[in-house]
Amino acid sequence: MSSTLQPPNIAHSTSGTPTPTLREEPVDTENSDPQGELDDDENKKGRGVKEKRESVINTDDEGNEDVLIVDWDGPNDPDNPKNWTFKRKWAATAIISAFTFISPVSSSMVAPATNQLAQQFGITNDVIIALTTSIFVLAYAFGPLFLGPLSEIYGRSRVLQLANMWYLAWNLGCGFAQNEGQLLAFRLMAGFGGSAPLSIGGGVLGDCWNPEERGKAVALYSLAPLLGPVVGPVAGAWIAEKSTWRWVFWSTSIVDGGIQLLGLFFLQETFAPILLERKAAKIRKELERSSSDPEKSGNRPPREIRSKFDSSDRSWQHIFAKALVRPFKLWYCEPIIQLLGVYMAFVYGLMYLFLTTIPSIFEGVYRERVGIAGLHYIALGVGLTGASQINARIMDKIYVYFTQKNGGKGRPEYRLPSMFPGTICLPIGLFLTGWTARANIHWIVPDIGIAFVGAGVILNFQSIQTYVIDAFTLHAASALAAVAFLRSCAGFGFPLFAPAMYNALGYGKGDSILAAVAIVIGCPAPFIFWKYGERIRKASHYARS
C-alpha cells in the first residue's frame with residue numbers, strides 16, 4: 001500500500017490478535033458518550049494533511065497488513081459531532097426540537113374539537129371521545145422500540161425524516177376520515193411516525209453535546225414535546241370555532257411539511273458508527289483506485305477495512321434483539337428506572353389529563369366559548385416555558401458547581417436540584433386548580449394553578465431526562481426508551497379515566513387525590529437519589545458507577 005495512504009500511527013503485532021493504538025478509556029468518564037466513543041489523547045499533532053491518525057492496522061503472523069480500523073482523526077477531528085462548532089450543534093438541536101414540537105401539537109390539537117367531531121360521527125361514549133385525542137400517544141409507547149434500533153442501523157437523519165413523512169401522510173389522512181374507526185386508525189398510524197423525534201432526538205443530543213454542555217440543549221429539547229401539546233389546543237380551539245375539525249389536521253400537516261423541507265436541507269447525520277462507516281467506505285474506494293494504479297500499489301492493501309464500531313454485533317438482527325429486550329430488562333432490574341420512570345409516567349399522564357379537561361372546566365364551569373376556553377392552555381404554556389427558561393440557565397451552572405466541589409468529577413445526581421422545586425410546584429398547582437375551578441371564583445385563580453402544574457411538569461421532566469442520560473451513558477437510548485414507554489402509556493390512559501373521576505368526585509377531590517399521589521411518589525425521589533444514587537448505580541449492571 002502506498003505510503004501516502006498508510007496511516008502514520010500504526011500498531012503492528014506479531015500475532016493475529018488486534019493491537020489497537022487507541023488508549024482505552026472507561027465508558028463512565030465524563031468524556032464518554034452514549035455510543036461509547038473513546039477519544040484518543042495520544043496524537044495531538046497539528047492537522048496539516050489528510051492523515052488517518054486514529055486508524056489501526058492489525059497484522060497477521062508474518063507481519064502482513066490485515067485489517068485497517070477506521071476511527072476519528074484525533075481528539076479534535078472536526079468531523080466528530082462532539083467537535084462541531086456551537087452554531088452547528090445548535091442548528092441540529094433546533095431542527096430536532098422542531099420535529100419534536102410539531103408531533104405533540106397533533107397529539108392534543110384535536111382536543112377542543114372533539115365535541116364537534118363527536119357530533120358529526122355520532123359518538124356518545126366519553127371514553128371514545130377522549131380516545132380520539134389520546135390514541136395518538138399510545139403509538140408513542142411502541143414506536144421508539146422499533147425506530148430507535150433502526151436509527152442505529154441506518155442513521156439518525158434518514159430514519160427521522162422517513163418517519164416524519166409517514167406521520168405527515170397519515171396525519172393528512174385524518175382530515176379525510178369518514179367515520180370514527182378510520183379516524184382512530186389514522187391517528188394511531190400517524191403517532192408511530194410522530195414518535196421518531198422522541199426516541200431519536202435524545203440520541204442526537206448525546207451524539208453532539210458533552211455532559212457539561214448538555215443541560216441547555218436538553219432543556220430546549222425537553223420543552224418541545226411538552227409545549228407542543230399546549231400550543232396545539234390553543235390553535236385547535238379557534239380552528240374548530242371558525243372552521244371545521246378537519247382543518248385541525250390539515251393545518252398541522254402544512255406546518256410539518258415546512259419543517260420537513262428544513263430537515264432535508266439542514267439536518268445532518270450525527271451517529272458516530274454511521275459517520276465512521278462512510279469514512280471507511282471512502283478509504284476503501286481510495287485504496288481500490290490506488291491498488292489499480294501500478295505506480296501507487298507498492299504495498300498490498302489491507303484485506304479488510306472497517307470502522308471501530310463495525311462488528312458482528314452491529315447486524316440488524318442483533319441490534320433489534322438488544323433494543324427490544326434491553327428497555328424491559330432495565331425496567332425490571334434497575335431501581336433508578338423503576339422509581340423515576342413511574343414518577344415521570346405520572347407527570348406526563350397528568351399533563352395529558354389536564355389537556356383534555358381544561359375545555360370542560362372553562363366551557364362547563366365558566367360557560368366560555370370554545371375559542372376563549374382554548375386560551376387557558378396558555379396558562380399551562382406559561383408555566384412550562386417560564387420554568388424551562390429558568391432551568392436552562394441554571395442547570396449546567398449547578399452541574400459545574402458541584403462537579404468542581406467534587407474534585408472535577410461529575411455525577412448524575414448533580415442534575416437533581418431542579419427536581420426539588422418541581423415536586424413541590426406540582427401538588428400546589430393541583431390543589432389550587434381543583435378547589436378554585438368554581439363559577440364564583442375568578443378564572444385567573446385556576447389559571448395560576450395550571451401554571452404551577454406546568455412548572456412542576458417541566459422541572460421534573462428535564463431533571464429526570466438529564467439524570468437518566470448521564471446515569472446510563474452507554475445505554476441511554478434504551479433507558480430513555482423504557483421511561484418513554486411508561487410515560488406514553490400513562491399519557492394514553494389518564495385522559496380515559498378523567499371524565500368518570502371528575503363526574504364522580506368533582507374537580508376539588510379529584511385533583512386532591514392526584515396531588516396526594518404526586519407527593520407520595522415524587523417528593524421522596526430527589527432526596528433518595530441525591531443521598532443514595534451513587535450507591536444504587538454501583539450495584540447496577542448498566543448505570544455509571
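This chain uses plain numbering: 1 for the first residue, then up along the sequence.
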Measure the acute angle between the ring planes of H376 and F362, then classify it against the limits of 30° and 60° as parallel, tilted or perpendicular. parallel
Using distance alone, with no hydrogens and no angle criterion, decide if [X] and [Y] have a side-chain donor and acceptor under 3.5 Å apart.
X: S243; Y: W238; result: no
X: S253; Y: N171; result: yes
X: Q389; Y: T385; result: no
X: Y414; Y: D470; result: no
X: Q338; Y: Y332; result: no
X: Q268; Y: S157; result: no

Tell me which one of W170, W247, W250, W245 satisfies ring pair (Phe, Tyr, Trp, His ring centres under 6.0 Å) with F176. W250
Evaluate the criterion side chain to side chain contact (heavy atoms under 4.5 Å, CB included) for residue pair R187 and Q182; output intermediate values, then yes/no. CA-CA 8 Å; R187 288 274 287 166; Q182 289 182 5; over 6 Å; no
Kindly indicate, with the supporting measurements, whether the criterion side chain to side chain contact (heavy atoms under 4.5 Å, CB included) is fulfilled by S107 and T133. CA-CA 6 Å; S107 73; T133 299; over 6 Å; no
[X] vs [Y] side-chain heavy atoms within contact, under 4.5 Å:
X: V137; Y: Y348; value: yes
X: I129; Y: N125; value: no
X: L459; Y: P421; value: yes
X: R487; Y: F492; value: no
X: L350; Y: L426; value: yes
X: I96; Y: L205; value: no
X: S418; Y: I398; value: no
X: Q116; Y: T244; value: yes

Would you please indicate yes or no on a ring centroid separation below 6.0 angstrom for [Y] and [X]?
X: F420; Y: F527; result: yes
X: Y507; Y: Y502; result: yes
X: W443; Y: Y366; result: no

Pairwise distance [atom1]([X]) to [atom2]([Y]) - rounded to 0.5 angstrom:
X: Q161; Y: R156; atom1: CD; atom2: CZ; value: 14.5 Å
X: R158; Y: L162; atom1: CZ; atom2: CG; value: 8.0 Å
X: L416; Y: F402; atom1: CG; atom2: CZ; value: 10.0 Å
X: F192; Y: F142; atom1: CZ; atom2: CZ; value: 7.0 Å
X: S195; Y: L147; atom1: OG; atom2: CG; value: 5.0 Å
X: F136; Y: L131; atom1: CZ; atom2: CG; value: 13.5 Å

Quick one: does any side-chain atom of [X] pair with a main-chain N or O of [Y] as donor and acceptor, under 3.5 Å?
X: N391; Y: A387; value: no
X: E269; Y: F271; value: yes
X: S103; Y: T100; value: no
X: T433; Y: L430; value: no
X: T357; Y: S360; value: no
X: E241; Y: G371; value: yes

So with a 6.0 Å cut-off around [atom1] of [X], is the heavy-atom count from everything else above 12?
X: R438; atom1: CZ; answer: no
X: F497; atom1: CZ; answer: yes
X: R246; atom1: CZ; answer: yes

Before giving the answer on ring-ring contact (aromatic ring centres under 6.0 Å, His included), spell out for Y467 and F529 the whole-Å C-alpha distance, their side-chain angles and the decisive distance to 0.1 Å. CA-CA 10 Å; Y467 183 90; F529 282 103; 5.8 Å; yes
Indicate the atoms forming the closest heavy-atom contact of [X] with [Y], along with that distance.
X: M419; Y: N460; value: CG-OD1, 3.3 Å
X: C208; Y: W84; value: SG-CZ3, 4.1 Å
X: A439; Y: V365; value: N-CG1, 3.6 Å
X: P427; Y: A518; value: CD-CB, 4.5 Å
X: I458; Y: S388; value: CG1-CB, 3.8 Å
X: P499; Y: P495; value: CD-O, 3.2 Å

Which one of I337, V342, I336, L340 satisfies the side-chain contact (heavy atoms from CB on, under 4.5 Å) criterion with V483? I337
Using the ring of [Y] (Phe, Tyr or Trp, six-membered ring only), decide whether [X] places NZ or CZ under 6.0 Å from its centre and within 45 degrees of its axis.
X: K89; Y: F86; value: yes
X: K82; Y: W209; value: no
X: R415; Y: Y399; value: yes

Could you check S512 against F431 for side chain to side chain contact (heavy atoms under 4.5 Å, CB included), going step by step and ending with a plain yes or no? CA-CA 6 Å; S512 294; F431 280 124; 3.7 Å; yes
Let's go through L505 and M501 carefully: what are the C-alpha distance in whole Å and the side-chain angles of both, what is the deciding distance for side chain to side chain contact (heavy atoms under 4.5 Å, CB included) to 0.1 Å, and is it a yes or a no? CA-CA 6 Å; L505 302 175; M501 181 183 72; 4.0 Å; yes
Using side chain to side chain donor-acceptor pair (under 3.5 Å), reason through T132 and E180 one step at a time and then give a plain yes or no. CA-CA 8 Å; T132 59; E180 65 180 85; over 6 Å; no
